[in-house]
Structures are given as C-alpha cells and as structure tokens.
Amino acid sequence: MDPVANPYAPGAGSQPPELAGRSEIVSRTETTLARVKAGRHAKSFMLVGLRGVGKTVLLNRIAQIAEDDGYTATVIEAPEGKSLPELLIPCLRKILFQLDTKEKVTVAVKRGMMVLKSFAKAVKVTVGEVEIGLDIDAEKGTGDSGDLDTDLADLFEVIGAAAKARNTAVAIIIDELQYIKETEFSALIMAVHRISQKQLPLIVIGAGLPQLVGLAGKAKSYAERLFDYPEVDALNEKDAASALKEPAKREGVDWQPQALKLAVQLTRGYPYFLQEWGYHSWNAAKDGSGKITTRDVRAASDAARSNLDDSFFRVRFDRVSPREKDYMFAMAALGPGAHRSGDIATELGVPVESVAPVRSSLIKKGMVYSPAHGDTAFTVPMFNEYLIRIGR
C-alpha cells in the first residue's frame with residue numbers, strides 16, 4: 001500500500017479517520033448544547049474512561065460541534081502542578097475579547113472584563129502582560145473576595161450574562177480533570193451550579209480518568225446530581241471493525257474478515273491501539289492485492305507494540321519512582337484486571353499498610369485507580385503486558 005495514502009492516525013488526541021461507536025455521545029452533546037443556548041436546563045457532563053479510549057478526541061469533536069452551533073468555545077488541558085485559575089484566566093480573557101468583537105461592546109461584556117481582572121488580582125495570578133493585560137478598571141466587590149468558591153461562581157455568572165447579552169453561548173471544555181485539586185474542583189462545581197440555577201448560556205464539559213467520579217463526589221456531595229458521567233470504553237467488535245474498515249474502504253482498500261477479527265482481538269477494541277495496528281498493517285501490505293490480510297496484521301504486530309512501548313507506555317512508566325515501579329510490577333505479576341491491596345503487598349513481601357502511600361501517589365499521578373474499595377487497576381489498558389515485556 002502507498003504509505004502516503006495511509007489513512008490511520010495513531011497519536012495522542014489525533015482525530016481518527018472514523019469516529020466509530022460514539023454516536024450516542026455526539027447526539028447527546030448536540031442536544032445539550034442546543035438546550036443551553038436556548039436557555040433551557042441541561043446537565044453539564046464529564047466523560048470518564050481509561051487512557052487510549054478517545055476522550056480527548058471526543059472533546060475536540062464536542063468543541064467543533066459547539067463552534068458550528070455558534071458557541072464561543074475553548075478547550076483546556078489540566079496538567080499536573082498548575083492551578084485551575086491559571087488555566088482558566090487566559091481562556092476566559094480570550095472568550096470575553098471574542099464576545100467583544102461581535103459588535104460594539106455591551107455593558108455586560110465590559111463588566112465581565114472588569115470582574116475577570118478582579119478575579120485575577122484576588123487569586124494572585126499573573127498571565128502574560130497583566131494582571132491579564134486588560135486596559136480596564138477592576139470591579140470591586142465581585143469576584144475579588146479571595147474565596148475561590150464564591151469568586152469563580154461570580155466570574156462564571158458575569159461571563160454567562162455577557163454571552164446572553166450577545167445572544168450566544170460559551171462552552172468551557174476541560175481535559176484531564178483528575179489533576180485538579182479537590183478545593184479547586186469544589187469551586188468549579190459550585191460555579192457550574194450557579195449558572196445552572198440561573199440558566200445562563202454557559203456550559204462546562206470535561207473528561208478524565210475513572211477516579212474523576214469519586215473526586216467530584218468528594219469535592220461536593222451534589223456533584224452527581226449536577227453532572228452526568230458518560231463512560232467512554234473500548235469499542236465493541238462491530239464498531240472496532242468499522243474503525244479499521246471504513247477508512248481503508250475510502251482509499252479503495254479492503255480488509256479480509258479474518259484480518260479484521262485478528263486486529264480487533266489484538267487491540268481489544270481500544271481506539272488508540274486500533275489506529276496503531278491499522279497504520280502498521282497498511283504499511284505491511286505489499287502484495288498489491290488491495291487487501292489487508294492476517295499475514296499483514298501479524299507482520300504489523302511487532303512494529304505496533306514497539307511503537308506503543310516507546311511512546312504510549314514508556315512516557316507514563318518513566319514518570320514514576322522506583323518504589324512505584326515495584327508496586328506496578330507486582331500488579332503485573334498478579335495478572336490482568338484489578339487486584340486487592342493485600343495481594344499486591346504479599347507479592348511485594350511487605351505489610352499492606354506500607355504500600356498505601358505508594359498506591360495513593362500512583363492514583364494522583366493517574367497511573368492506577370480504584371474500581372472498587374480495596375481494589376487497584378491500571379488506568380492504561382494492557383499496561384500489565386508492557387511491564388511483563390520489559391521486565392524489572
């Protein structure tokens with residue numbers, strides 16, 4: 001096959017050529033955004049799932065749907081070690097300037113800028129030129145108390161009011177939400193609660209690892225009533241096959257049925273892995289038949305695994321400490337799936353209470369999560385197999 005025409009797109013957050021199996025989430029997004037823009041009640045939502053299931057891809061698609069519907073939308077990634085105000089202020093500044101350019105500035109938009117400046121001063125965040133570079137006086141008494149719960153809610157309210165005055169809506173889309181501190185998560189939930197009560201045209205849509213649901217509930221008890229948490233999982237056999245077959249078909253290439261079945265089996269339907277196997281299977285097909293065969297899939301497997309090992313897996317493995325690596329190797333030795341903390345400690349030959357801090361640290365780093373009380377599982381699919389491949 002011509003490598004230039006290879007339709008597959010392995011990579012973090014890369015838009016796949018076929019967004020298979022996600023029609024329900026896309027349809028739900030369209031309905032939610034339309035209701036918010038019309039001033040009707042709609043729940044914000046947070047996508048939850050393991051690494052490699054396509055949460056970031058979906059967030060980018062959601063942003064595009066919002067913009068096509070006339071929203072002013074922004075996508076933010078929450079890295080470790082950065083505060084929520086630091087993430088939000090530049091994006092909210094941009095949103096207000098976009099609202100300002102629609103026509104002559106309104107009182108509501110101007111007030112949003114004044115409160116944003118007050119908020120930045122109160123949380124002591126300097127971004128770029130400023131205190132955010134707004135050539136406008138800060139508004140006293142709104143968004144400047146120093147209490148993040150109150151101030152962020154005030155800020156969201158005035159931005160929602162500014163959007164309403166422009167007869168438009170705002171979508172704030174945040175990836176990797178599990179890295180936000182609990183106190184900041186609480187403030188975000190309270191801000192969403194405020195705009196929901198006032199039915200302002202502003203929505204927050206997020207994504208994160210499975211621990212996100214527990215973090216939200218811990219931050220605010222009513223979070224489960226305020227947000228929905230659609231689960232993004234591996235694709236079923238039919239959708240996984242479609243994700244491989246349809247892009248090739250558009251290029252005049254077909255997959256043999258057994259080759260499709262083998263590729264789905266090897267990837268277990270995880271979208272990121274499907275793109276890797278699709279990409280390398282395409283490049284391995286050299287007989288000129290216009291078909292991808294089981295031979296091609298088998299020939300591609302070493303290259304696909306090697307590429308995953310060097311990027312997808314290793315980039316996560318390299319950020320943990322030696323003690324954390326020992327903990328993960330013990331998990332891998334116990335086999336796939338979730339494992340009890342006591343069994344992991346036994347595998348390590350140490351008392352169970354001594355591994356609790358290591359487990360907690362790995363959860364904070366997004367490497368493992370607790371699917372049930374006392375259980376621990378990897379957030380990265382097939383990570384146990386990677387650890388067995390590389391050895392201690």
Side-chain angles (χ1 to χ4, degrees), residues 33 36-39 44 62-63 66-67 69-78 82-175 177 180 183-206:
L33 292 173
V36 168
K37 191 177 180 185
S44 291
I62 288 167
E67 289 172 357
D69 198 28
Y71 271 69
T72 300
T74 185
V75 180
I76 307 167
E77 182 177 338
K82 201 165 187 178
S83 73
L84 182 61
E86 285 180 284
L87 294 171
L88 286 175
I89 287 171
C91 296
L92 297 181
R93 174 183 184 270
K94 182 179 179 181
I95 285 171
L96 285 166
F97 277 118
Q98 286 176 323
L99 292 174
D100 187 27
T101 58
K102 288 184 179 293
E103 54 186 86
K104 185 178 178 183
V105 67
T106 66
V107 172
V109 174
K110 182 178 179 181
R111 183 168 185 243
M113 294 178 176
M114 294 168 69
V115 173
L116 179 59
K117 190 160 189 176
S118 299
F119 178 80
K121 286 184 175 181
V123 296
K124 299 180 174 60
V125 171
T126 301
V127 182
E129 311 109 56
V130 204
E131 325 267 80
I132 65 172
L134 294 174
D135 186 20
I136 196 170
D137 292 333
E139 177 173 313
K140 293 182 179 179
T142 306
D144 61 355
S145 71
D147 175 61
L148 188 60
D149 284 358
T150 301
D151 293 345
L152 189 59
D154 286 347
L155 179 58
F156 273 29
E157 182 178 344
V158 296
I159 290 175
K164 186 175 182 179
R166 288 296 197 211
N167 197 30
T168 186
V170 168
I172 300 171
I173 301 165
I174 309 176
D175 202 1
L177 267 170
I180 292 178
T183 53
E184 295 174 349
F185 211 154
S186 172
L188 181 65
I189 292 168
M190 287 190 70
V192 171
H193 194 200
R194 173 87 67 85
I195 59 174
S196 177
Q197 287 176 320
K198 294 183 177 290
Q199 293 192 349
L200 291 168
L202 188 157
I203 188 168
V204 174
I205 296 172

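- With hydrogens and angles disregarded, a donor-acceptor distance shorter than 3.5 Å links the side chain of Tyr71 to the backbone of Leu33.
- Among residues two or more places apart in sequence or in another chain, the side chain to side chain donor-acceptor pair (under 3.5 Å) test is passed with Asp149 by none.
- Distance alone, capped at 3.5 Å, is enough to place a donor-acceptor pair between the Glu86 side chain and the Ser83 backbone.
- Although no hydrogens or angles enter the test, the distance criterion places no donor-acceptor pair under 3.5 Å between the side chain of Asp151 and the main chain of Phe119.
- Under the 3.5 Å distance criterion, the side-chain polar atoms of Thr72 are left unmatched by any main-chain donor or acceptor of Gln98.
- With contacts defined as side-chain heavy-atom distances shorter than 4.5 Å, the pair Thr74/Lys94 does not qualify.
- Other residues, nucleotides and ligands contribute more than 12 heavy atoms inside 6.0 Å of the NZ atom of Lys37.
- Judged by distance alone, the side chain of Ser118 and the main-chain N or O of Met114 form a donor-acceptor pair under 3.5 Å.
- For the residue pair Ala165 and Ala108, the shortest heavy atom distance occurs at CB-CB, 3.7 Å.
- Here the CG-OG distance, from Leu152 to Ser186, works out to 10.0 Å after rounding to the nearest 0.5 Å.
- The two residues Ala191 and Phe156 make their nearest non-hydrogen contact at CB-CD2, 3.6 Å.
- Here the CG-NZ distance, from Leu96 to Lys117, works out to 13.5 Å after rounding to the nearest 0.5 Å.
- When every heavy atom of Val109 is checked against every heavy atom of Arg166, the shortest pair comes out as CG2-NE, 4.0 Å.
- Each of Leu84, Leu177, Asp175, Leu88 was compared with Ile76 under the side-chain contact (heavy atoms from CB on, under 4.5 Å) criterion, and only Leu88 meets it.
- A heavy-atom distance below 4.5 Å is found between the side chains of Ile159 and Leu202.
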Determine, stepwise, if the pair Asp154 / Thr142 fulfils side-chain hydrogen bond (donor to acceptor under 3.5 Å, both in side chains). CA-CA 6 Å; Asp154 286 347; Thr142 306; 5.4 Å; no

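- Closest non-hydrogen pair, Leu116 versus Leu92, comes out as CD2-C, 4.0 Å.
- Of all non-hydrogen atoms in Leu200 and Lys164, the two that sit nearest each other are CD2-CD, 4.2 Å.
- To the nearest 0.5 Å, atoms CD1 (Ile172) and SG (Cys91) are separated by 8.5 Å.
- For the pair Thr150 and Ser145, the tightest heavy-atom approach, listed with the atom from each and the gap, is CB-OG, 4.3 Å.
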